[in-house]
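Only heavy atoms go into these numbers, but all of them, side chains included; no hydrogens, no water, no symmetry mates. Proteins come first, then strands; the chains are lettered A, B, ... in the order of their sequence lines, and each starts at number 1.
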Amino acid sequence: MKILFPSVGNTLDSEMDNRFARADWFVVVDTETMESYALRNGEKEGGHGVGRVVAQYVVDADVDMVVAPQVGPKALTALESAGVKVITGKSGKIRHIVEELVADQ
Amino acid sequence: MNLAIVSGKGGTGKTTVAVNLAAYMSRERDIRLLDADAEEPNAVLFFQADMSRDMAVSVMVPEILHEKCTRCRKCVEMCEYNALMMTRKGVLLSPDLCHSCGACMYVCPEKAILEKFRETGRIREYHCKAYPRLQVIEGDLHRGESRVTPVIDDVLSYAGPCTIIDAPPGTSCPVVETVKHADRVLVVTESTPFGLHDLKGVAAMLRLIRKPFQVVINRHGQGDDGVENWCKEEGIPVVLKIPFREDYARVIAGGGLLIEHFPRFREDMACLAKDLCGKGL
Ligand code: SF4
Ligand code: SF4
């Protein structure tokens with residue numbers, strides 16, 4: 001499963017960013033191989049409706065799930081209607097969250 | 001004259017002023033009262049009114065024919081409102097973001113987008129036996145619909161030579177649209193700190209679009225002098241103070257018109273009408 005996290009840095013050991021659509025980075029992790037890569041959020045400075053633009057960006061990354069401290073309403077509905085699972089209310093180091101999620105499976 | 005009656009939030013007495021003034025003025029001239037508070041229209045409840053017309057308001061919504069779509073993304077890139085998204089299942093429309101501009105249809109090389117219509121509200125015309133020269137036009141947005149502008153636009157298209165508009169509360173886009181149509185603006189507020197706060201918000205919006213306005217203070221005497229003092233400092237004319245009276249409140253709560261019960265209020269409306277008419281009715 002591919003999971004995307006909003007992140008303050010570009011590695012697995014970065015902390016999640018509280019802002020989803022305006023995060024500096026997105027870190028994508030494949031839970032089967034534990035491979036990860038980072039995408040720079042080019043829409044960070046975007047104006048009104050940035051959540052929607054970022055949602056398209058995330059959908060294009062072809063991930064199965066988004067895990068974030070919080071996700072704005074526009075991005076949330078867009079992601080969910082595009083079939084991406086969204087989990088909110090998590091924070092901390094990305095690596096820890098991944099381990100937690102894998103252990104839960 | 002095209003008078004818009006606005007307020008920073010609901011429940012300040014905006015509708016009370018609109019319905020009483022409209023009824024009073026209709027004794028001498030034809031008046032149209034437009035209820036543009038389409039999320040909660042209630043002006044007509046103050047009259048024993050008969051509905052004479054009931055029409056649908058529809059908006060265009062694109063429909064994607066997935067079997068024709070080649071996923072070229074032209075529509076997604078074209079949509080200025082980000083209402084379209086490309087997903088694994090194809091192009092996805094978020095109806096609440098769509099502004100019905102038609103650009104996606106225009107740009108689709110496969111003609112994979114159809115023009116469909118959806119009813120989002122109703123426009124109703126009413127006549128009142130007691131006030132034969134008054135016509136009430138109400139916009140009513142269907143529950144669950146988020147785009148109020150098409151309904152308000154239809155209501156505003158009824159503006160005649162002498163029109164009173166009960167505007168939506170607040171300072172959002174639909175309010176700005178409503179006020180832009182008006183040549184006179186009355187802001188109804190209460191003499192409380194909250195009333196002053198809301199008044200300042202509305203005043204900032206009106207100054208931004210360069211609309212002069214006047215203030216009506218409702219439930220006067222119940223709160224403090226903050227609103228009056230602020231208006232004085234800013235040089236904003238206060239054209240009417242409606243005193244706080246329990247007998248007023250009872251009549252309003254019962255859906256009655258103050259002008260039918262209180263000679264003093266009738267005089268207040270006469271002054272207000274004179275003031276408004278003196279300047280180009
Ligand atoms: S009609 Fe306009 S706003 Fe609606 S989806 Fe098409 S391009 Fe976007
Ligand atoms: S423009 Fe037409 S063909 Fe291209 S993605 Fe949109 S609907 Fe499909």
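To the nearest 0.5 Å, atom OG1 of residue T87(B) and atom CD of residue Q56(A) are 8.5 Å apart.
Shortest non-hydrogen contact noted between D60(A) and M86(B) is OD1-O, 4.3 Å. Closest approach of G83(A) to K89(B), counting heavy atoms only: N-NZ, 4.4 Å. The shortest non-hydrogen separation linking L92(B) to A82(A) is CD2-N, 4.1 Å.
Environment of CD in E80(A): crowded, with over 12 heavy atoms of neighbouring residues, nucleotides or ligands closer than 6.0 Å. Within a 6.0 Å sphere centred on NZ of K74(B), heavy atoms belonging to other residues, nucleotides or ligands number 12 at most. Few gaps surround CD on E119(B); more than 12 heavy atoms of other groups in view lie less than 6.0 Å from it. Crowding of F194(B) atom CZ: a count of heavy atoms from other residues, nucleotides or ligands under 6.0 Å not exceeding 12. At most 12 heavy atoms of other shown residues, nucleotides or ligands fall within 6.0 angstrom of atom CZ in R40(A). Sparse packing is recorded around NE2 of H197(B), with 12 or fewer heavy atoms of other residues, nucleotides or ligands lying under 6.0 Å away.
Listed options V84(A), V53(A), D62(A), T77(A) were ranked by heavy-atom pairs under 4.5 angstrom with chain B; first place goes to D62(A).
Heavy atoms closer than 4.5 Å to chain A are found in the backbone of L84(B), but not in its side chain.
Using a cut-off of 4.0 Å between Lys/Arg side-chain N and Asp/Glu carboxylate O, R88(B) and D64(A) are scored as salt-bridged.
When side chains are defined from C-beta on, K74(A) does not count as touching S94(B), because their heavy atoms never get closer than 4.5 Å.
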